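What follows is a set of notes on a single structure, which appears directly below.
First listed ligand is number 1; within each ligand, the first listed atom is number 1. Computed from heavy atoms alone, side chains included, the values below leave out hydrogens, waters and symmetry copies. The model shown is predicted, which means the values in this text are computed figures rather than measured ones.
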Amino acid sequence: MAKNDPMSAPTSTLQSAPVPAADGTPVRGRYWITTFGCQMNKADSERMAGILEAMGYTPGSDEHSADLVLYNTCTIRDNAEQKVYSYLGRQAQRKRDNPHLTLVVAGCVAQQEGEALLRRVPELDLVMGPQHANRLDTLLTQVESGQQVVATGEHHILEDITTARRDSAVCAWVNVIYGCNERCTYCVVPSVRGREQSRLPESIRLEMEGLAARGFREITLLGQNIDAYGRDLPGITPEGRRAHTLTDLLQQVHDVKGLERIRFATSHPRYFTERLIDACADLSKVCEHFHIPFQSGDDDVLRAMARGYTVDRYRRIIERIRRRMPDASITADVIVAFPGESDAQYRRTLALIEEIGFDLVNTAAYSPRPNTPAASWPDQLEEAVKVERLQELNALVERIARQRSSRYLGRREEVLAEGVNPRNDQQLMGRTRTNRLTFFPAQRPDGSSVAPGDLVTVQIEETRPFSLSGSLA
Ligand code: SAH
Ligand code: SF4
Ligand code: F3S
């Protein structure tokens with residue numbers, strides 16, 4: 001189905017009369033999107049912003065004066081979900097004084113709660129799950145006809161031919177697989193994001209070519225479990241393996257002209273292959289950064305989580321990566337205080353972090369989630385244990401990150417300039433190939449300015465746990 005084709009653009013208007021712009025195009029009003037959660041949600045928000053702009057909305061300057069407010073929500077942990085309700089409470093209040101306000105809840109809380117959200121916040125106009133992001137225009141048209149709309153049914157995700165409104169002009173996300181077929185016992189993602197749906201390599205490549213032509217220099221390929229890419233697509237190679245894998249995809253998109261860097265996330269240790277490691281080492285645009293959550297350093301906890309690998313398998317993956325790419329950065333996610341986790345098991349997680357030497361670890365205390373097995377297990381740990389473990393863990397993560405950062409001191413690093421440092425407009429910021437945030441002067445020694453999108457060499461003079469700074473070499 002063609003979406004946002006100018007020929008089929010919705011012509012109905014919101015309750016408030018549209019104001020024509022100087023060039024005659026109708027202006028629907030100002031929109032505001034707040035995004036919670038992961039990169040998938042950020043990518044969805046960019047596409048939804050593109051759809052709103054194609055419909056005639058313009059970006060608003062703040063959430064309290066916008067005509068359409070969209071919260072793209074996350075429910076990975078209880079605190080993420082609760083945050084949404086407090087934001088919604090304020091908007092519901094505003095809607096009572098301003099009935100023309102359009103209130104939308106998208107994303108994972110919308111999918112999880114569905115109709116129940118309307119009962120909780122009757123002021124809502126639209127509740128839409130992540131699989132419906134590309135249908136925002138159709139759904140808003142229904143809202144305009146006076147309905148309250150809930151779109152949370154299982155849905156085949158349509159190829160999106162609209163132009164996303166990207167937050168960056170240099171780095172872009174490209175979804176390659178939606179959903180997740182794993183059943184990690186703590187995780188709400190499969191129930192809110194649905195079954196895996198891989199995009200065709202040709203569509204992915206086409207989108208990447210379009211982005212490169214518009215000046216983007218770096219692309220991050222996205223999937224909740226990106227190693228699953230292609231397993232729902234048909235085809236077997238003459239050697240008997242499946243025709244579409246992440247490795248094949250990287251090889252197929254690597255020569256897109258104009259791109260400097262390709263990244264991908266998130267990797268799953270159960271499916272991560274040696275073939276992929278070799279491809280990353282051999283393909284020059286693929287950056288030496290691997291985000292491979294390990295979740296726990298204890299085999300019994302991993303089994304209870306249904307993760308499908310052992311700590312030893314995880315170690316071997318990292319060893320292989322480092323054998324081929326000695327300077328690669330390794331980042332991960334970890335959960336502490338999973339139901340039944342003993343002190344000794346928790347200490348194995350700390351030990352693994354020390355042993356591997358992670359560049360960064362996203363940490364979380366276990367949070368019971370609706371419709372997940374672990375939430376109903378009897379051996380839940382107390383809040384105090386969660387807090388204590390998380391604090392100790394965070395201190396360790398920072399100490400290790402500081403050590404890892406210090407290896408850059410005195411080195412010359414290739415940095416892709418992304419934009420101005422919001423805290424110092426004399427500086428730009430960008431990232432190393434290994435994804436370390438790096439600050440450097442906006443002007444070269446010869447007086448010329450560095451522009452976002454330029455690749456520069458930075459002589460690293462200062463290191464902090466999660467960032468670097470230096471001068472232009
Ligand atoms: N697909 C990725 C992660 C998706 S969710 C993977 O398989 O690793 C992002 C992170 O949130 C997870 O890696 C996990 O560390 C954390 N997380 C997920 N569910 C959680 C829960 N119930 N409580 C605490 N942290 C959780
Ligand atoms: Fe959640 Fe596991 Fe899927 Fe990751 S792989 S999204 S943790 S179920
Ligand atoms: Fe959150 Fe949904 Fe992402 S629950 S982490 S926004 S997939």
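- With a 4.0 Å heavy-atom cut-off, ligand 1 is reached by the side chain of Arg307 but not by its N, CA, C or O.
- Under 4.0 Å from ligand 2, heavy atoms of Cys184 appear from its side chain as well as its backbone.
- With respect to the salt-bridge test (charged N to carboxylate O, under 4.0 angstrom), the residues Arg407 and Asp359 qualify.
- For Arg404 (side chain) and Gly357 (main-chain N/O), a donor-acceptor pair under 3.5 Å exists by modelled atom type.
- Atom numbering of ligand 2 starts at 1 in the shown order; those under 4.0 Å from a heavy atom of His268 are 5 (S).
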**Request:** Could you go through the side chain to side chain donor-acceptor pair (under 3.5 Å) check for Asp78 and Gln82 one step at a time?
**Result:** CA-CA 6 Å; Asp78 187 58; Gln82 297 312 322; 3.1 Å; yes
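- Listed by number with element, the atoms of ligand 1 under 4.0 Å from a non-hydrogen atom of Arg77 are 11 (O), 16 (C), 17 (N), 23 (N), 24 (C), 25 (N), 26 (C).
- For ligand 2 and Gln224, the ligand atoms under 4.0 Å from any heavy atom of the residue are 6 (S).
- Residue-level proximity to ligand 3 for Met40 is absent, since no heavy atom of it falls below 4.0 angstrom.
- Aromatic pair Tyr87/Phe36: ring centres closer than 6.0 Å.
- When hydrogens are left out, the protein atom nearest atom 1 (Fe) of ligand 3 is Cys74 SG, 2.4 Å; that is the closest non-hydrogen contact.
- The protein heavy atom nearest to atom 7 (S) of ligand 2 is Tyr186 OH, 3.3 Å.
- No side-chain heavy atom of Arg433 sits under 4.5 Å from any side-chain heavy atom of His289.
- For ligand 1, the atoms closer than 4.0 angstrom to any heavy atom of Asp333 are 9 (C), 10 (C), 12 (C), 13 (O), 15 (O).
- With respect to the salt-bridge test (charged N to carboxylate O, under 4.0 angstrom), the residues Arg214 and Glu209 do not qualify.
- Remark: Glu382 CD is loosely packed, at most 12 non-hydrogen atoms of other residues, nucleotides or ligands lying under 6.0 Å away.
- Cation-pi geometry between Arg231 and Tyr271 is satisfied (NZ or CZ under 6.0 Å from the ring centre, within 45° of the ring normal).
- Taking 4.0 Å as the cut-off, Arg307 counts as a neighbour of ligand 2 on heavy-atom distance.
- Salt bridge Glu288/Arg324: absent, no basic N to carboxylate O contact under 4.0 Å.
- Heavy atoms of Pro293 found under 4.0 angstrom from ligand 1 belong exclusively to the side chain.
- Ranking the protein heavy atoms by distance from atom 2 (Fe) of ligand 3 puts Cys108 SG, 2.2 Å first.
- Contacts between Cys184 and ligand 1 below 4.0 angstrom, taking non-hydrogen atoms only, are absent altogether.
- What sits closest to atom 15 (O) of ligand 1 on the protein, heavy atoms only, is Gln295 OE1, 2.8 Å.
- Counting non-hydrogen atoms of other residues, nucleotides and ligands closer than 6.0 Å to OH of Tyr85 gives a total above 12.
- The nearest protein atom to atom 6 (S) of ligand 3, hydrogens excluded, is given as Asn41 ND2, 3.2 Å; this is a heavy-atom distance.
- Each of the following atoms of ligand 2 lies closer than 4.0 Å to a heavy atom of Pro190: 8 (S).
- Heavy atoms of Pro293 found under 4.0 angstrom from ligand 2: none, in either backbone or side chain.
- When hydrogens are left out, the protein atom nearest atom 19 (N) of ligand 1 is Tyr186 CD1, 3.3 Å; that is the closest non-hydrogen contact.
- At a heavy-atom cutoff of 4.0 Å, ligand 1 is contacted by the side chain of Ile335 but not by its backbone.
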**Request:** Would you sort out whether Arg348 and Gln345 count as a side chain to side chain donor-acceptor pair (under 3.5 Å), showing the intermediate values?
**Result:** CA-CA 5 Å; Arg348 276 180 211 122; Gln345 290 173 322; over 6 Å; no
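- Although no hydrogens or angles enter the test, the distance criterion places a donor-acceptor pair under 3.5 Å between the side chain of Asp67 and the main chain of Arg30.
- In this structure, the protein non-hydrogen atom closest to atom 4 (S) of ligand 3 is Thr75 N, 3.3 Å.
- Among all non-hydrogen protein atoms, the one lying nearest atom 4 (C) of ligand 1 is Gln224 OE1, 3.2 Å.
- Looking only at heavy atoms of the protein, atom 24 (C) of ligand 1 is closest to Ala365 O, 3.4 Å.
- Contacts between Arg369 and ligand 1 below 4.0 angstrom, taking non-hydrogen atoms only, involve the side chain exclusively.
- With a 4.0 Å heavy-atom cut-off, ligand 1 is reached by no atom of Glu182.
- Evaluated for a side-chain contact (heavy atoms from CB on, under 4.5 Å) with Phe294, the options Leu352, Ile356, Ile317, Ile335 yield exactly one hit, Leu352.
- Of the N or O atoms in Ser367, one or more lie within a sub-3.5 Å distance of an N or O in ligand 1.
- Between His268 and ligand 1, no N or O atom pair is found at a separation short of 3.5 Å.
- Glu113 has no carboxylate O lying under 4.0 Å from a charged side-chain N of Arg120, or vice versa, which leaves the two without a salt bridge.
- Close to ligand 3: Gln224, with a non-hydrogen atom less than 4.0 angstrom away.
- Heavy atoms from both the backbone and the side chain of Cys38 come within less than 4.0 Å of ligand 3.
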**Request:** For Gln112 and Glu81, run side chain to side chain donor-acceptor pair (under 3.5 Å): C-alpha distance rounded to whole Å, both residues' side-chain angles, the deciding distance at 0.1 Å, then the answer.
**Result:** CA-CA 10 Å; Gln112 178 185 287; Glu81 182 180 348; 3.2 Å; yes
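- Scanning the protein for heavy atoms near atom 3 (Fe) of ligand 2, the closest one is Cys180 SG, 2.3 Å.
- Taking 2.8 Å as the criterion, Cys187 does not count as a coordinating residue of atom 3 (Fe) of ligand 2, since none of its N, O or S atoms falls below it.
- Using cut-offs of 30° and 60° on the angle between ring planes, the pair Phe358 and Tyr314 is tilted.
- Atoms of ligand 1 lying under 4.0 Å from at least one heavy atom of Ile76, given by number and element, are 5 (S), 11 (O), 17 (N), 18 (C), 19 (N), 20 (C), 21 (C), 22 (N).
- Of the possible donor and acceptor atoms, one in the side chain of Arg28 sits under 3.5 Å from a partner among the backbone N and O of Met55.
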**Request:** Under the side chain to side chain donor-acceptor pair (under 3.5 Å) rule, what do Glu341 and Tyr366 come out as? Steps first, then yes or no, please.
**Result:** CA-CA 10 Å; Glu341 184 190 65; Tyr366 171 72; over 6 Å; no
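- Heavy atoms of Cys38 stay at 4.0 angstrom or farther from ligand 1.
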